[in-house]
Amino acid sequence: MNKYRSTYLNSPIEYLKGVGPARAELLKKELGVFFIGDLLFNYPFRYIDRSKFHLIKDINQEGEMVQLKAKLISYEMIQGKKRKRLSALLKDPSGFIELVWFTGTKWIAESLKEGAEYVVYGRVNIYSGKKSIPHPELELLSVQKTKPSGMAPVYHSTEKLNTRGLDSKARRKLIRNIFEKIRSTDLPENLPDYLREKTKLAPRFEAMQWIHFPTNQKSLKAAIDRIKFEELFYLQLRLLQSNQLRKRTIPGAVFSKVGNYFNTFFQHHLPFELTGAQKRVVKEIRADLGKGVQMNRLLQGDVGSGKTMVALLTMLIAKDNGYQSCMMAPTEILAQQHLESLTSYLKGLGINVAFLSGSVKGKKRKELLHLLAQGDIDILVGTHALIEDPVVFKNLGLAIIDEQHRFGVAQRSKLYTKNKHVTPHILVMTATPIPRTLAMTYYGDLDVSIIDELPPGRKSIKTVHKREKDRDMLIQFIHQEIKKGRQIYIVYPLIQESEKLDLKNLNDGYEMLLQFFPRPQFQMSIVHGKMKNVDKEEEMKRFVEGRTNIMVATTVIEVGVNVPNASVMIIENTERFGLSQLHQLRGRVGRGGEQSFCILMSSNKISKEGKERIATMVRTNNGFEIAEADLKLRGAGDIMGTQQSGSVDFNLVNLVTDSKILETARNIAIKILDKDPLLQSSIHTPILSYSKHVNRIRKDWGMIS
Ligand code: ADP
Ligand code: MG
């Protein structure tokens, strides 16, 4: 993408010295390198320190990367059971080591010189005490001595590249060939001088030289810092600009007043005092709604922090200004719960709340759609059935999406089209806090509000990790809690690939529990994905109404359900759940005034990562802290899913470790756009011309795909 560079660098890769048609083909296929300059933007991922050599006798770790100085004693072609291999024996003052090749053997054998001194680099195998290096990098010591010392770059490679003469060594040579041809003007600077001076960032051209051929650790760090900053700065600039642009060009419904509905509710119907955080967030939202620009706001708040009330108050403002609202949830059960809580909060206010999901059909559906189009429904609650085409509002002014992470960007933008005259305001709410770096990157074009305070009187949930041997105690504990009148969740994992097995686990667990909690003295609900909706709902209902003591379920209860009397969450096979899922599940308890417990059951054999997840859960109740831990364990791509991460493509940046640079880059971008929104000042010319350039390329790409 990054083609801000000279004509030479933009010429086809075939034109580079050392690249013929065959190699060009390979570079295109394997690396997506089409132009000479593309090769420069394929950064090394590691460097070999040329000055340091291992002694063969000191090598004792399988898989270790080593660099040796050794003499080639002999080599031979060996016919193995399955395939031929080339084997060479080398010796240094401390011992012997074997080098092995399975492919390209003929070509390599021809180049080997017995008796010559080599520099060898590669990953060590140790097999019954014998050390060998398969497919090493190999260079005559005499050749290497003539080269500049320092650190040699190692590039991501593929088997094909390695065996067809385009390994790191060969690519180093190609990149040297490029640098022989270019000067700093070939890679024009894209950051203003004042900014580079202030941030002490290296110039673009030097950074490029140093990332490939660092002279020492210091120049390497300077190169990396500069390139990462550039990646993050231009992404942030684009996100912030698109936010600005949207605000300039997309008119939103104007909610200029806070009227009767809001005030009546606030004064007479509000069942509790808002927390400070809720008040602050409502203020932020109100400020947005009156501006006449469309609101796109992300509301992050931990499980139980009271997002529903914020949503409700916002919808009342919409009603006060003559607009309809909708509230969309990812599952039927959750949507149903929203419906129930909204209806009960709004009782006696004369506000018409309706429900729509896939299960609303036939005449009932037709009637509802008619009322909606007439404007007789004020608030429509439902599943993603809300955004389907036949659903037409009279004047939708506000759309609220709960549990954002389950909806894609495309669905969000589909809501924009639900009002022909003005774009509805959008409020997305998520209970899985997104780590700051991810929020800034993936939702950087949204405004963010955070509820960082739980309603008063909540006792923090006690979380413990238990194993099979503790099961007797667990059963006793459940008895004891039921005696106190509490209700219990017991959750089994559900993983798509092994649904059968999971169902068996769940059923076995249910049978086991029946022995300890026999009917009619005890009652249990069971809910899983394979049940019919009506049965599921009946079972849920029995639990919600307190008619059953224990809810045995798969993760279908993960999101949203609210049963304040349930105070124990037991999770089976905890090691099979992700962190954010565990946090969601735990959030089902601790909703009443009682002390709540979360018991994480696991087998004895769990992976290091599984242990880490459980330890995190035991350590903290804080959703933001858990989100950060999750990011470290899984990386950004896995958290956001391919759907969302596709839009952000970093070359060098790692969102787990580069939060500081990201923060700096975003703050600088904000400051610049505050002072000079259209980048018209002459000191910002490099920024303007570079972002124009990048946008043009993005557009071209957009047209292709
Ligand atoms: P979430 O943010 O997870 O959606 P909810 O909106 O479901 O949380 O709220 C969780 C519980 O806390 C509900 O029972 C709600 O009535 C209660 N609640 C919300 N705000 C307050 C408050 N300010 N004071 C006391 N209880 C509150
Ligand atoms: Mg909620």
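Computed over heavy atoms, backbone and side chain alike; hydrogens, waters and symmetry mates excluded. Order of appearance sets the numbers: ligands from 1, and atoms from 1 within every ligand. All values derive from a computational prediction rather than experimental measurement.
Those atoms of ligand 1 that come under 4.0 Å of a heavy atom in Thr275, given as number and element, are 23 (N). Counting atoms of ligand 1 from 1 in the listed order, those under 4.0 Å from a heavy atom of Tyr345 are 15 (C), 16 (O). Listed by number with element, the atoms of ligand 1 under 4.0 angstrom from any heavy atom of Gln278 are 19 (C), 20 (N), 22 (C), 23 (N). Near Asp302, meaning under 4.0 Å from one of its heavy atoms, ligand 1 places the atoms 2 (O). Near Glu273, meaning under 4.0 Å from one of its heavy atoms, ligand 1 places the atoms 22 (C), 23 (N), 24 (N). Ligand-side atoms of ligand 1 in range of Thr308: 4 (O), 5 (P), 6 (O), 7 (O), range being under 4.0 angstrom from any heavy atom. Numbered from 1 in the order shown, with element, the atoms of ligand 1 that lie under 4.0 Å from a heavy atom of Leu274 read 23 (N). Contact atoms of ligand 1 toward Arg591: 3 (O), 7 (O) (distance under 4.0 Å to a heavy atom of the residue).
In this comparison of Gly587, Ala311, Ser305, Gly306, the heavy atom closest to atom 9 (O) of ligand 1 sits on Gly306.
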Let me check something: any side-chain donor-acceptor pairs from residues 269-287 under 3.5 Å, sequence neighbours excluded? List them with distances.
from, atom 1, to, atom 2, distance (Å)
Glu273, OE2, Lys279, NZ, 3.3
Thr275, OG1, Gln278, N, 3.1
Thr275, OG1, Gln278, OE1, 3.3
Gln278, OE1, Thr275, N, 2.8
Gln278, NE2, Gly306, O, 2.9
Arg280, NH2, Ile450, O, 2.4
Glu284, OE1, Ser449, OG, 2.4

Just list the side-chain donor-acceptor pairs under 3.5 Å for residues 253-268, sequence neighbours left out, or say none.
from, atom 1, to, atom 2, distance (Å)
Asn263, ND2, Gly259, O, 3.2
Thr264, OG1, Asn260, O, 2.5

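The shortest N/O to N/O separation between Pro455 and ligand 1 does not fall below 3.5 Å.
Met429 does not count as a contact of ligand 1, since none of its heavy atoms falls under 4.0 Å from the ligand. Gly301 does not count as a contact of ligand 1, since none of its heavy atoms falls under 4.0 Å from the ligand.
Checked by atom type, the side-chain pair His425/Asp288 shows no donor-acceptor distance below 3.5 Å. Between the side chains of Ser305 and Glu453, no donor-acceptor pair is found at a separation under 3.5 Å. A donor atom on one side chain and an acceptor atom on the other are found under 3.5 Å apart for Ser357 and Glu332. A donor and an acceptor atom, one from each side chain of His370 and Asp376, are nowhere located under 3.5 Å apart.
Checked by atom type and distance alone, the side chain of Arg588 never pairs as donor or acceptor with a backbone atom of Tyr489 at under 3.5 Å.
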Would you check, one step at a time, whether the test side-chain hydrogen bond (donor to acceptor under 3.5 Å, both in side chains) holds for Asn549 with Gln487?
CA-CA 5 Å; Asn549 311 102; Gln487 287 167 284; over 6 Å; no
